2 protein chains.
Amino acid sequence: MADEQEARPDLAAMMVPVGRALVAAELPILREHGLSMWAYAVLLGLKEEPVRTQSALAKAIGADKTRIIGDLDDLQERGLIRRTPDPADRRARLLSLTPEGRRLRDAARAAIRLREERLLARLPAADRRAFLRALRTLSELPLDEIAGDPAADG
Amino acid sequence: MADEQEARPDLAAMMVPVGRALVAAELPILREHGLSMWAYAVLLGLKEEPVRTQSALAKAIGADKTRIIGDLDDLQERGLIRRTPDPADRRARLLSLTPEGRRLRDAARAAIRLREERLLARLPAADRRAFLRALRTLSELPLDEIAGDPAADG
DNA sequence: TATTGTTATACTCTATAACTATA
DNA sequence: TATAGTTATAGAGTATAACAATA
């Protein structure tokens, strides 16, 4: 039934290479702003309110807690984030953006957005809106709801 | 102007994790069919007509030519692909699917498609069609047109 | 001299284990 | 004993270099 028309590559086979290319497009922009990919993810992950532990931040941005330590050190030395010991639990460090960190994050994000808009301009306006809406819906699902065992959730 | 409404994560920040989750969802299905991710990519890359060199196949599926040799060896031993020396150029090996290879590829692909449909069912029908159309458009672009230096193409 | 296929090597990224200091 | 942060180590995946055969 409509085999011919339904034929399309696997979702992963389309998403993964495009995702990789998008990362490749971001890297030189981030480099111009003096940021690694993970450093940028950290700045984005801190949002507006402080985060209570490095582990929580790491988890939120999909990194290992050991992975981001070097980036945190660097960002702190450059005055882009604050890392203050929590008085209530001296094991933990309260993480927050400095004004300069916020500015750099916004500048990098704006440059990336500009680049993305040029790519998205290739899509018809209606498709483009639906694409972003759908992508956002999928990316907001718990990841193990996509990856998890189908037998587990019926 | 409409900052609030336009706010969305970076494209890469949405695509990459979803892509990873889709791969994670595929892996157990492929394992049930005795295929690695790259072996599956090889079966898909061979399509219907033979491919003239391993390098060309590797390039077509986005792999390094050295990366797929082990998979080609395995697939050949299991009778899923043919690797016959090209009489016209004895350096090259003509690659093609055997009937069993075609059957296994189709079975794996059908199982993956079934899983994907369950995920896509979360999207409204119209968004879903537009999403697939847009994703396909983007994935069919030359990748360096996404990743390439914006100064290069104006 | 260039190219196909191959093997061996090095590199990058990530995950694991082990340590300290707090709780 | 359990957890936050850290360091050191090991593993997976990928790319690079070097080689034999052929053009």
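Order of the sequence lines fixes the chain letters, A, B, ..., with proteins taken first and strands second; residue numbering starts at 1 for each chain. Worth saying up front: this structure is predicted, and the values here are computed from it rather than measured.
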**Prompt:** Just the endpoints, please: which first and last nucleotides of DNA chain C, 5' to 3', lie under 4.0 Å from a heavy atom of chain B?
**Reply:** C/dA2 to C/dT7
**Prompt:** Roughly how bent is the helix from C/dT1-D/dA23 to C/dA23-D/dT1 end to end, in steps of 10 degrees, with each end axis from five pairs?
**Reply:** 10°
**Complete:** With B for base contact, S for sugar-phosphate-only contact and - for none (protein heavy atoms under 4.0 Å), nucleotides 15-23 of chain D reads SBB---BBS
**Complete:** Interatomic distance, CZ@A/R82 vs CG@A/L95, rounded to 0.5 Å, equals 11.0 Å
**Residues forming a side-chain contact (heavy atoms from CB on, under 4.5 Å) with A/A56, sequence neighbours excluded** = A/V51, A/T53
**Asked** Listed by chain and number, what are the side-chain contact (heavy atoms from CB on, under 4.5 Å) partners of B/L30, not counting sequence neighbours?
**Response** B/E26, B/L35, B/M37, B/Y40, B/A108, B/I112
**Complete:** Contacts of B/F131 meeting ring pair (Phe, Tyr, Trp, His ring centres under 6.0 Å) (sequence neighbours excluded), chain-then-number -> A/F131
**Asked** Quick one: is D/dT14 close enough that its OP1 or OP2 comes under 4.0 Å of any side-chain N or O from B/W38?
**Response** yes
**Fill in**
Residues passing the side chain to side chain donor-acceptor pair (under 3.5 Å) test with B/R91, sequence neighbours excluded, are B/D89
**Prompt:** So do the side chains of A/R109 and A/L44 get within less than 4.5 Å of each other, counting heavy atoms only?
**Reply:** yes
**Item:** Nearest-0.5 Å distance, CZ of residue A/R102 to CD1 of residue A/I81
**Value:** 12.5 Å
**Request:** State, yes or no, whether a side-chain contact exists between A/S96 and A/R83 at a heavy-atom distance under 4.5 Å.
**Result:** no
**Request:** For B/D127, enumerate each residue passing the side chain to side chain donor-acceptor pair (under 3.5 Å) test, keeping only those at least two apart in sequence or located in another chain.
**Result:** A/R133
**Asked** Could you state the interatomic distance from CZ (A/R103) to CG (A/L97), rounded to the nearest 0.5 Å?
**Response** 11.5 Å
**Item:** side chain to side chain donor-acceptor pair (under 3.5 Å) partners of B/R52, counting only residues at least two apart
**Value:** none
**Request:** Output yes when A/D86 and A/R90 qualify as a salt bridge under the 4.0 Å nitrogen-oxygen rule, no when they do not.
**Result:** no
**Complete:** Residues pairing under salt bridge (Lys or Arg N to Asp or Glu O under 4.0 Å) where one sits in residues 10-25 of chain A, two or more places apart or in two chains, turn out to be A/D10-B/R113
**Fill in**
Interatomic distance, CG@B/L11 vs CZ@A/R115, rounded to 0.5 Å, equals 11.5 Å
**Close approaches to DNA chain C from residues 16-37 of chain B, in residue order (heavy atom, under 4.0 Å)** = none
**Prompt:** How long is the gap from CG on B/D74 to CD1 on B/I69, to the nearest 0.5 Å?
**Reply:** 14.0 Å
**Item:** DNA chain C contacts among residues 46-61 of chain B, heavy-atom distance under 4.0 Å
**Value:** B/T53, B/Q54, B/S55
